[in-house]
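The structure under discussion appears below in the form of structure tokens.
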Amino acid sequence: MTEGTTSAAAEGADTLTRLEQEGEIAADYLEGLLDIADLDGDIDMDVEADRAAVSIISDAGSRDLQKLVGHDGEVLEALQELTRLAVHRETGDRSRLMLDIAGYRAKKRAELSELGAKAAAEVKSTGEPVKLKPMTPFERKVVHDAVKSAGLRSESEGEEPQRFVVVLPA
């Protein structure tokens with residue numbers, strides 16, 4: 001192994017350790033939140049795409065957890081920001097942690113990937129750009145990834161909260 005390879009491996013291990021620490025801090029914070037709200041849920045931690053990923057899941061029907069998702073994931077987004085702030089308070093570093101509750105984000109990711117693929121297919125067949133409805137940053141990222149994997153390009157336009165994706169011909 002060369003010196004560059006060794007330091008890259010060490011840096012990767014440091015990053016993984018830091019992301020696992022973020023997950024642990026987030027899990028502790030969310031456990032406290034669940035206790036205060038008197039909600040049942042298990043915390044699952046992982047590292048995905050160079051960011052900590054924390055999920056709250058429940059076997060006892062996710063109806064109670066739906067309160068933590070809210071309408072169109074609004075409560076989930078707010079809880080994610082609060083959890084990121086809790087991690088920041090402990091580590092001093094900005095967190096890109098992703099929070100999922102009752103599988104909401106995973107389901108949304110699948111729907112958005114399909115939307116991106118359909119928009120890309122429409123652009124390929126008509127040759128005309130397609131503008132999608134306004135989306136959150138998470139939603140736009142998923143659509144951009146789906147369009148890219150379909151071999152096309154996309155851009156975000158507009159100002160928050162009315163920012164939207166435009167799928168462009170090749």
Please walk me through it: do Asp42 and Ile56 pass side chain to side chain contact (heavy atoms under 4.5 Å, CB included)? CA-CA 6 Å; Asp42 295 321; Ile56 301 175; over 6 Å; no
Closest heavy-atom contact between Leu79 and Leu68? CD1-O, 3.6 Å
Could you pull out the closest heavy-atom pair between Ala86 and Ile25, with the gap in Å? O-CG2, 4.0 Å
Could you walk me through whether Tyr29 and Leu82 pass the side chain to side chain contact (heavy atoms under 4.5 Å, CB included) test, one step at a time? CA-CA 9 Å; Tyr29 175 78; Leu82 289 171; 3.5 Å; yes
Can you find a pair of side-chain heavy atoms, one from Glu20 and one from Met45, that are under 4.5 Å apart? no
At what distance, to the nearest 0.5 angstrom, does NE2 of His144 lie from CD of Glu155? 8.5 Å
Closest non-hydrogen atoms of Val143 and Gly116, given as atom of the first, atom of the second and distance, are CG1-CA, 4.1 Å
To the nearest 0.5 Å, how far apart are CG in Leu33 and CG in Asp28? 12.5 Å
side-chain contact (heavy atoms from CB on, under 4.5 Å) filter on Glu122, not counting sequence neighbours, yields Thr126, Val130
Using a 3.5 Å cut-off and no angle test, enumerate the donor-acceptor pairs between side-chain atoms of residues 158-170 and protein atoms at least two apart in sequence or in another chain.
| unit_1 | atom_1 | unit_2 | atom_2 | d |
| --- | --- | --- | --- | --- |
| Glu160 | OE2 | Arg140 | NH1 | 3.1 |
| Glu160 | OE2 | Arg140 | NH2 | 2.8 |
| Arg163 | NH1 | Gly158 | O | 2.7 |

Inspect the surroundings of CG in Asp38 and state if more than 12 heavy atoms from other residues, nucleotides or ligands are less than 6.0 Å away. no
Could you tell me the separation between the CZ atom of Phe138 and the CZ atom of Arg109, rounded to the nearest 0.5 Å? 4.5 Å
Just checking Asp50: does its CG atom have more than 12 heavy atoms from other residues, nucleotides or ligands closer to it than 6.0 angstrom? no
Rounding to 0.5 Å, atoms CG (Leu76) and CD1 (Ile101) come to a distance of 4.5 Å
Are Leu97 and Tyr104 linked, directly or through intermediate hydrophobic residues, by side-chain heavy-atom contacts shorter than 4.5 Å (ILVMFWY only)? yes
If the threshold is 4.0 Å, N to carboxylate O, is there a salt bridge linking Asp145 and Lys141? yes
Looking only at heavy atoms, the pair that brings Glu22 and Ser95 closest together is OE1-OG, 2.9 Å
Residue pair Met135, Ser156: steps toward the side chain to side chain contact (heavy atoms under 4.5 Å, CB included) verdict: CA-CA 10 Å; Met135 298 178 192; Ser156 292; over 6 Å; no
Do Val54 and Thr83 pass the side chain to side chain contact (heavy atoms under 4.5 Å, CB included) test, and can you show the C-alpha distance, the side-chain angles, and the key distance before you say yes or no? CA-CA 10 Å; Val54 179; Thr83 305; over 6 Å; no
Which distance, rounded to the nearest 0.5 Å, do you find between the CD1 of Ile43 and the CD of Glu24? 11.0 Å
Report yes or no: do Val69 and Leu99 belong to one cluster of Ile/Leu/Val/Met/Phe/Trp/Tyr joined by side chain heavy-atom distances under 4.5 Å? yes
Taking the side chain as C-beta and beyond, is there a heavy-atom pair between Asp64 and Asp40 under 4.5 Å? no
Using every non-hydrogen atom in the two residues, find where Gly70 and Val75 come nearest and quote the distance to one decimal. CA-CG2, 3.7 Å
Could you tell me which non-hydrogen atom of Gln80 sits nearest to which non-hydrogen atom of Met98, and how far apart they are? OE1-CA, 3.5 Å
Backbone of Ala150 reached by a side-chain donor or acceptor of Lys124 within 3.5 Å: yes
Give me each pair satisfying salt bridge (charged side-chain N to carboxylate O under 4.0 Å, His left out) with a member in residues 84-102, each pair once, sequence neighbours excluded. Glu81-Arg84
